[in-house]
Amino acid sequence: MSIPDTAVEPVTYMAGAAAPTTGKKLRAAMNSSPFYMLLILIVLVGFFSYVSPNFATTFNVRNVFLDASTLMILAIGMTYVMISGGFDLSIGSVLVFSGVLAAKTMEWIGTDNAMTVGAGLLAALVGGLAWGLFNGFCISRLRVSALITTLGSMGSALGLSYLLTGGSDVRTVPNTLIKISTGSFFNVPYLVIITVVFTIIGMVWLHMTRFGRHTYIVGSNPEAARRAGINVGNHQMRLYALSGLLAGVAAMLSLGRFATTTLEGHGNDPLDAITAVVLGGTSLVGGSGTIIGTVIGVFIPAVLSNGFIIMGIAPFWQMVVIGFVVIAAVYADQIKRSRRAA
Amino acid sequence: MRQDMGASGVRQGNAPILEARGIVKHFGHVQALQGVDFEAHAGEITAMIGDNGAGKSTLVKILSGVFKPTSGTIFVNGREVSFSSPADAHAQGLETVYQDLSVAQDLSPAANMFMGREKKLPGLLGKLGFLDNVTMRRDSVAAFERLKVSLKDMETPISSLSGGQRQSVAICRSIMWAKSVVFMDEPTAALGVLQTARTLELIRRIRDTGVAIVLISHNMRDVLEVADVVEVLRLGRRIARYKNDGTTSVQDLVGAMTGALDPVAEEFAA
């Protein structure tokens, strides 16, 4: 309690009434975690471009973006869920499950045109939504912790995927989908364009709408949200549904890119997404975070890993480095919070 | 001055804005409230005091729509009402300021003022859920100015404000929305001496805007400093009602709360 602090405050001091100056906003932005992470990203990109002529090439940049796109879609949903104070460990398995549903649906239809892909997309979205609603139901209605719920559905969704496929990947992906996934517009792959569109929508929706505002409030103080008449349970349902839906979208992108259901390929996705979200400055306890931060958080590991490969360093170093960086980022967030609370 | 509880028309004839009659609340076998009467008038601060377990919190929770009474009736502006949720109470113009600051620390003062009641932009953008941050900010600044609450910054999260300022935001929010009654549950419990003084000053200014304030407090000095009327609860009943006209002492209140004045209180227990 800082009594003197209040004592020296003149009663008529109304600086807050003045419009925020650009300088003030800029200073606030420069004090944020995403800004520091952006500096780190810029330094990394600068460093790799300087030491290797193969880094800043169209081909390589395109690769980095393509590699990051699926994770970016998942990380958007994770950002929403984590700002609300939750977790979603199931997204990797839900991605696989949705991919299997889509592939099986398209295989069953047997044609190879836009309609087939549309049906596949629908199947993927329904699969993702169903898991999201299931997670949301267990967390908001049955009050099972998010960690346990999504850990459970992570196992179940993958198990069901194995049962549906008999344990081997479905490789009958229609050419139409592969063409969409490998195509590009002025040398920018469609996959990247789709990811950018989703990212921008995610950004605008989070920062400018009531849904986004409620997400922050629920994460910041669920009890206050309840008292203010916000239906916290319903909001959580929607957030996990969103996370599941985005896993369905990511499933289609992955299916198109790799032309297979990649049953074994997504075990690390949830942890990679959480890493990206945390690196981007979203608080582990909820209440604060940004999509732009998550974008930076997705690219730091991606650039690091790509740069190491190009320099001939074992890419496993990326895992080592990022592991420590994440711990440091969370530590910095905690210090910032305790200083504010004091 | 102690008032006669038998006749309800003693208060210069003006009807209470909020009135509760014979409120009973059971929790299983526990009778938390055994037929409490309560009233609050516009432009007055009514303090509700009582020892732990006297039923203050239960009564406030019933009056603000959190609990449903087992029996008894509530009137707002003379009309009988029944609340099944806090939202019902909000709709009647009743707001509550909680002891443990119902604010979102990570959000700006304006976002907190409009928490759960965000203003949307007009037209299509509004239908899509887009927020009208400019209007919300302007209305918040106006509300703070009206109540002479000064905040360092309207942009930063309120976690950077002092405890007293955060409480001011919570109180201003309830005022912005309250049309008839504001319940304040121990609003100064977490505050230091100077912050308490400023909060009490704020409560007086709010009283002067014409709403009824129901102040729940353990602090007899605070109560005697700001309250116009003091209602004393004990063991689930209203035991006394004092008009705070300078003749009431802390000893009177404590006596009524603890039952030391029981012989006098007998007549109200019936």
Side-chain angles (χ1 to χ4, degrees), chain A residues 1-21 24-25 27-29 31 83 85 204-205 207-214 216-232 282-283 285-289 336-342, chain B residues 64 66 85-87 90 96 98 100-107 109-112 114-121 125-126 128-131 133 137-138 140-142 144-145 148-157 159-160 162-165 170 173 190-198 201:
Chain A
M1 204 59 39
S2 51
I3 298 161
D5 181 75
T6 322
V8 294
E9 235 167 45
V11 181
T12 49
Y13 179 40
M14 283 298 299
T21 60
K24 213 177 190 178
K25 271 188 176 166
R27 230 178 306 138
N31 223 337
I83 287 175
V204 168
W205 207 34
H207 298 300
M208 295 173 73
T209 70
R210 173 138 83 177
F211 183 89
R213 177 67 56 83
H214 284 188
Y216 283 100
I217 295 173
V218 166
S220 189
N221 188 345
E223 188 50 41
R226 235 169 257 129
R227 287 170 181 169
I230 296 169
N231 192 328
V232 174
T282 295
S283 167
V285 291
S288 65
K336 211 164 74 183
R337 279 178 172 265
S338 63
R339 209 180 291 153
R340 259 206 242 142
Chain B
S64 58
V66 178
S85 74
H90 290 169
T96 309
Y98 293 90
D100 51 340
L101 298 169
S102 276
V103 289
Q105 306 265 8
D106 302 284
L107 276 74
N112 270 287
F114 282 85
M115 184 192 289
R117 289 184 263 222
E118 292 84 0
K119 273 210 168 85
K120 290 194 269 187
L121 286 171
L125 283 176
L128 289 171
F130 281 80
L131 296 170
N133 285 316
R137 191 171 178 285
R138 200 188 53 214
S140 302
V141 169
F144 291 136
E145 257 167 7
K148 298 198 176 55
V149 168
S150 56
L151 297 178
K152 283 195 299 251
D153 198 330
M154 284 295 292
E155 299 304 310
T156 51
S159 55
S160 63
S162 72
Q165 289 184 320
R173 175 177 60 195
L191 304 182
V193 177
L194 282 161
Q195 293 176 330
T196 297
R198 297 191 59 190
E201 182 53 41

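All of these numbers come straight from a predicted model, not from anything done at the bench. Quick note: numbers below take in every heavy atom, side chains included, and nothing from hydrogens, waters or symmetry partners. Labels below follow one simple rule: chain letters A, B, ... track the order of the sequence lines, proteins then strands, and each chain is numbered from 1.
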Requested in this report: Determine, stepwise, if the pair B/F130 / A/V204 fulfils side-chain contact (heavy atoms from CB on, under 4.5 Å).
Outcome: CA-CA 9 Å; B/F130 281 80; A/V204 168; 3.4 Å; yes

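For the set B/A142, B/G126, B/G129, the entry with the most heavy-atom pairs within less than 4.5 Å of chain A is B/G129. Considering only heavy-atom pairs separated by less than 4.5 Å from chain B, the leading option among A/G219, A/G229, A/G286, A/A228 is A/A228.
For B/N133, the part lying near chain A is the side chain, with the backbone staying farther off; criterion is any non-hydrogen pair under 4.5 Å. In this structure, no portion of B/L121 lies under 4.5 Å from any heavy atom of chain A. There is no contact between B/A87 and chain A, counting heavy-atom distances below 4.5 Å.
Here CD of B/E118 is found 5.0 Å from CD1 of A/I217. Values are rounded to the nearest 0.5 Å. Taking OG of B/S85 as the start and CZ of A/R226 as the end, the distance is 14.0 Å to the nearest 0.5 Å.
The closest donor-acceptor contact from the side chain of A/S220 to the backbone of B/D106 lies under 3.5 Å.
The closest side-chain heavy-atom distance from A/M208 to B/L125 is not below 4.5 Å.
Heavy atoms only, all atoms of each residue included: B/M115 and A/I230 are closest at CG-CD1, 4.3 Å. Closest heavy-atom contact between A/W205 and B/L128: NE1-O, 4.4 Å. Contact record, A/R227 with B/H90: O-CE1, 3.4 Å, taken as the closest heavy-atom pair.
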